[in-house]
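All figures in this text were calculated on a predicted structure; none of them were measured in a lab.
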Amino acid sequence: MGDMMAKRRAFLDIIKQKGALVLDGGLGSELERYGCDLQHKLWSAKVLMDQPDIIKKIHISYLAAGADIIQSSGYQATVAGFKGLGLGTEEAIELVKLSVRLAVQARNEFVEAKASGALTLRGIKLGEETADGVKYFSEGALPKPLVAASVGPYGAFLADGSEYRGYPDVQTEYLEVFHIPRLALFAEENPDILSFETIPSYDEAIAIARAMSDPYTSRGIPGWIAFSCKDEHHVSSGETIIKCAEMIDKVRPITGLGINCTKPEYVESLVKDIRTVTDKPIAVYPNLGESYDSETKTWYGDPGSFVDYVDAWRAAGANIIGGCCRTTPEIIGDIAKKIHK
């Protein structure tokens, strides 16, 4: 049990020492840039089956840009989802775990490449030669970046956009049963963090808190719950972010909380609300600023200047800052320059 607590303390110590950490950005839009077809119920998880090397390359691109934390490709990866494609149970389990393994491999390759003085890795430019030697674009980032296992909500499994609405007819106990075995598989790969993302409701957060409270399931790995939010004060299903933060503040195994897959203009107010009830770390990684059509699976609207929000988010109390849908390594690089300067 002491070792389990040590993992969470170590994560909190890193945040305390660094002041602020840089999270990576969007995965799906980057996969599309590489020519992957995501018009599929499993979305980016389908690429785990077909083109895992592209996922690893995207992880490296975010590390090269200066990310302190990269998130795995497990958001929509479930045993049931892969079995629905005709895979056997063991093969499906291995694919779920592969999502974490690829991120860990990418991180380790990146650290080794920098230690050897390499300028490129898997075709990604890491830095440039200067009169004083190699200068890496990730200067100022953690020497050994962290890997967060991305754990999507029940709505991601349904693939019907309900992670932006909630599911009032689904009992909390059912959500807990949904999360426990998947959480256990991710934890077996020993990521540095468990990142529960795009959680639309207080009820699903309760289910996750219960699952994380079992030390044999979570293995003492620090975790945050990031909510999708409908406005400046409420999560997608309608409860206040303050109500959710008050609950999380009382659950020791949940190390932090956050906001993701939300309009960037809502974030500052949400962070301020959270800070009225908890001192736990806050991760913010909103969308670029466009709106998503779950029917056509396309984005529309005019994004603002995403990076201009960063100083306000930090001043409001955010500790970990990155991006969600449609954000790119270039944007994360600009955020890293602000935070690591």
Side-chain angles (χ1 to χ4, degrees), residues 8 11-12 15 23 75 148 150-158 161-180 183 193-214 217-218 222-287 309 312-322 324:
R8 291 171 182 145
F11 176 58
L12 293 172
I15 294 174
L23 188 62
Y75 179 82
S150 170
V151 191
Y154 178 62
F157 166 69
L158 297 177
S162 55
E163 63 265 49
Y164 305 109
R165 301 187 303 271
Y167 1 90
D169 297 329
V170 179
Q171 293 184 333
T172 305
E173 290 76 16
Y174 182 87
L175 294 171
E176 185 179 355
V177 169
F178 168 78
H179 278 290
I180 285 174
L183 165 58
I193 306 158
L194 291 160
S195 168
F196 296 89
E197 305 185 86
T198 326
I199 305 304
S201 66
Y202 179 84
D203 285 348
E204 188 161 17
I206 285 279
I208 291 165
R210 290 175 181 169
M212 283 288 287
S213 295
D214 177 2
T217 299
S218 65
W224 69 60
I225 298 177
F227 294 90
S228 64
C229 297
K230 62 191 291 186
D231 59 31
E232 294 93 335
H233 303 287
H234 300 86
V235 301
S236 292
S237 62
E239 300 96 343
T240 66
I241 192 69
I242 288 177
K243 177 182 178 180
C244 297
E246 285 176 328
M247 180 274 290
I248 290 172
D249 187 63
K250 296 178 177 70
V251 182
R252 182 174 294 181
I254 304 296
T255 319
L257 68 161
I259 300 142
N260 82 297
C261 224
T262 294
K263 291 184 178 181
E265 59 263 35
Y266 297 161
V267 170
E268 181 182 359
S269 178
L270 288 160
V271 173
K272 287 179 177 178
D273 280 359
I274 292 169
R275 274 286 169 251
T276 65
V277 294
T278 185
D279 292 326
K280 287 189 174 184
I282 299 174
V284 299
Y285 45 118
N287 295 333
Y309 288 104
W313 296 340
R314 287 190 68 184
N319 308 96
I320 300 166
I321 298 175
C324 198

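A donor-acceptor contact under 3.5 angstrom links the side chains of E197 and S150, judged on distance only.
Considering all non-hydrogen atoms of both residues, N319 and P281 come closest at OD1-CA, 3.1 Å. Across all their heavy atoms, A148 and S195 have their closest contact at CB-CB, 4.1 Å. Scanning all heavy atoms of the two residues, the minimum distance from M212 to P222 falls at CE-C, 4.5 Å. For the residue pair I199 and P153, the shortest heavy atom distance occurs at CD1-CB, 3.8 Å. Counting all heavy atoms, side chain and backbone alike, N260 lies closest to T262 at O-OG1, 2.8 Å. Between S236 and E163, the shortest heavy-atom contact is OG-O, 4.1 Å.
At a threshold of 4.5 Å between non-hydrogen side-chain atoms, the residues K243 and M247 do not count as touching. The closest side-chain heavy-atom distance from V277 to D249 is not below 4.5 Å. Within the 4.5 Å cutoff, the side chain of Y309 has no heavy atoms near those of the V284 side chain. Residues I274 and I259 have side chains in contact (heavy-atom distance under 4.5 Å, counting atoms from C-beta outward). Under the 4.5 Å side-chain criterion, counting only non-hydrogen atoms from C-beta, R165 is not in contact with P200. No side-chain heavy atom of I248 sits less than 4.5 Å from a side-chain heavy atom of T278.
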Please report, to 0.1 Å, the donor-acceptor pairs under 3.5 Å made by any side chain of residues 168-178, with sequence neighbours excluded.
none

Distance-only donor-acceptor pairs under 3.5 Å for side chains of residues 250-257, two or more places apart:
residue : atom : partner : partner atom : Å
K250    : NZ   : E246    : O            : 3.4
T255    : OG1  : G223    : N            : 3.2

Side-chain donor/acceptor pairs under 3.5 Å, residues 201-210, sequence neighbours excluded:
residue : atom : partner : partner atom : Å
S201    : OG   : E204    : N            : 3.1
E204    : OE1  : Y167    : OH           : 2.3
E204    : OE2  : Y154    : N            : 2.8
E204    : OE2  : H179    : NE2          : 2.8

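The distance from atom OG1 of T198 to atom CD1 of I225, rounded to the nearest 0.5 Å, is 12.5 Å. How far CH2 of W224 is from CG of L194: 10.0 Å, rounded to the nearest 0.5 Å. In this structure, OH on Y164 lies 7.0 Å from OG on S228, to the nearest 0.5 angstrom. The CG atom of D279 sits 11.5 Å away from the CG atom of L12 when rounded to the nearest 0.5 Å. Taking NZ of K263 as the start and CG of N287 as the end, the distance is 10.0 Å to the nearest 0.5 Å. To the nearest 0.5 Å, atom CD of residue E232 and atom CG of residue D273 are 9.5 Å apart.
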Check against side-chain contact (heavy atoms from CB on, under 4.5 Å), I282 and W313: CA-CA 10 Å; I282 299 174; W313 296 340; over 6 Å; no

